[in-house]
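One structure is given here, and the rest of the page talks about it.
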There are 2 protein chains.
Amino acid sequence: MDVTVLKDADLNQLVYNALSFGTAVMLGAFVYFLTQIKSVAKQFQSGVAVSAVVVGIAGYHYYRMWSGWAEGSMNEGYRYADWLITVPLLVIELLIVLGVTKDRRKKLMTTLVPATVLMIGLGYPGEVSSNDGTKWTFWILAMLPFLFILFTLSGELKAAGSRETGEVSKAIKSATTVLLVTWLVYPIAYLFPVIFDVTDGIEATRQIGYTIADITAKGLFGLMILNIAKARSGDSH
Amino acid sequence: MDVTVLKDADLNQLVYNALSFGTAVMLGAFVYFLTQIKSVAKQFQSGVAVSAVVVGIAGYHYYRMWSGWAEGSMNEGYRYADWLITVPLLVIELLIVLGVTKDRRKKLMTTLVPATVLMIGLGYPGEVSSNDGTKWTFWILAMLPFLFILFTLSGELKAAGSRETGEVSKAIKSATTVLLVTWLVYPIAYLFPVIFDVTDGIEATRQIGYTIADITAKGLFGLMILNIAKARSGDSH
């Protein structure tokens with residue numbers, strides 16, 4: 001479950017720097033989102049607050065992973081603990097600013113939130129296994145809720161994008177692109193140790209891939225959420 | 001990649017103190033900018049919030065560099081990780097308060113932000129190399145986006161300065177001076193180990209030079225941004 005540090009000193013330093021970079025970006029985004037809550041209309045403020053909580057929690061986990069890496073072994077469980085908290089929250093923040101009716105939002109939450117928990121729970125046994133068959137099995141199982149969530153959310157985003165006009169529609173379309181592109185990084189990074197021989201380079205790529213995906217899926221996506229909320233509040237700044 | 005502490009005890013202590021000083025100034029500025037967000041008109045508040053995030057992130061990195069120095073070796077990567085996050089943000093905070101049209105701002109962001117990333121990415125291999133030829137090559141390569149950014153920004157600042165009158169124009173002119181003077185310190189500090197024999201004195205000068213440049217380019221520049229925003233909000237205090 002623990003990832004021990006890499007023998008290649010340069011690659012080891014690179015992952016160390018990437019984890020520190022992740023910590024700094026998440027905590028910076030945390031402060032920024034906190035300052036922006038009151039800049040949107042009342043009904044969207046909780047969406048921006050949830051964005052802040054997401055990157056705050058991610059910042060804590062990146063700090064812990066970075067500390068572990070510095071001390072010689074990183075607990076992979078932090079990534080899954082982080083996702084278990086933040087991915088349902090990402091779904092919730094999106095639904096808050098998307099402008100769906102309250103009933104529809106409730107229905108979407110009660111199917112999508114359990115699906116995210118299932119997805120992450122099914123991914124974990126494969127991630128920590130060193131057996132390729134186990135990794136593939138749990139990858140396929142986790143991909144079922146993953147695809148369900150992604151199709152549902154992108155469908156909602158597309159519907160919302162064509163329901164709206166002007167700045168709001170543009171902001172929703174940008175959010176859709178960020179969602180689709182960044183989410184696809186996760187299943188690919190997961191498969192790196194299955195497809196390739198596990199070298200220091202592959203392990204470094206996996207760690208850095210997850211870090212970049214987390215920064216975009218939480219930080220950049222939070223910014224897209226803020227843009228939607230600002231556009232809806234009649235303020236495009 | 002790691003800078004080990006200096007043999008000269010006095011110089012070593014001097015750098016240690018400079019890094020602690022940098023941490024204190026950045027975190028002080030962070031708190032100050034946070035308190036000032038609401039003191040400017042709504043459309044400039046995100047600019048001041050970004051200024052706060054910049055010095056907050058820099059404070060984190062100075063704390064880490066200072067801790068490393070105290071323990072016997074400093075990771076030079078922290079400077080570059082810091083610049084990779086904060087330099088694009090400095091460009092963004094400037095564009096928010098400069099009063100350019102939204103379309104022009106978007107266009108400037110999409111050329112300048114990638115240019116800052118290119119500049120920092122090209123600087124790093126030269127910084128960590130001990131070969132003078134490599135250092136020169138990457139210095140020249142990084143100077144291309146550097147000069148592009150500096151010319152573009154100073155052009156925008158000059159145009160904005162003559163578009164405006166009174167307090168706003170004065171505040172923009174001060175910001176231009178701070179930008180030009182502080183940015184020029186970086187390529188010079190970078191070249192210190194190439195031009196001179198690397199002694200403890202030269203290494204201390206490089207570290208302290210970067211620290212002073214960071215304090216002015218992020219802290220003092222953030223204050224200039226705040227002044228522009230306050231002048232534009234019809235409040236010159």
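In what follows, every chain begins at residue 1, and chains take the letters A, B, ... in the order their sequences are listed.
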Go through the steps to decide whether B:K38 and A:K38 satisfy the test side chain to side chain contact (heavy atoms under 4.5 Å, CB included), and finish with yes or no. CA-CA 10 Å; B:K38 297 281 175 196; A:K38 298 278 178 196; 3.8 Å; yes

Which atoms of B:V48 are under 4.5 Å from chain A, going by heavy atoms: the side chain, the backbone, both sets, or neither? neither

For atom CG of B:D103, is the number of surrounding heavy atoms from other residues, nucleotides or ligands below 6.0 Å larger than 12? no

Given heavy-atom pairs under 4.5 angstrom as the criterion, report whether the side chain, backbone, both or neither of B:L34 touches chain A. side chain

Can you list every ring pair (Phe, Tyr, Trp, His ring centres under 6.0 Å) pair that touches residues 55-89 of chain A, not counting sequence neighbours? A:Y16-A:W66, A:Y63-A:W66, A:Y80-A:W83, A:Y80-A:Y124, A:W83-A:Y186, A:W83-A:Y210

Spatial distance of atom CD1 (B:I57) from atom OH (A:Y32) [nearest 0.5 Å]: 12.5 Å

Using a cut-off of 6.0 Å, state whether more than 12 heavy atoms not belonging to B:R104 lie near its atom CZ. no

Heavy-atom pair of closest approach, residues A:T35 and B:A49: OG1-CB, 3.4 Å

A:S39 and B:K42 have their tightest heavy-atom pair at O-NZ, 3.3 Å

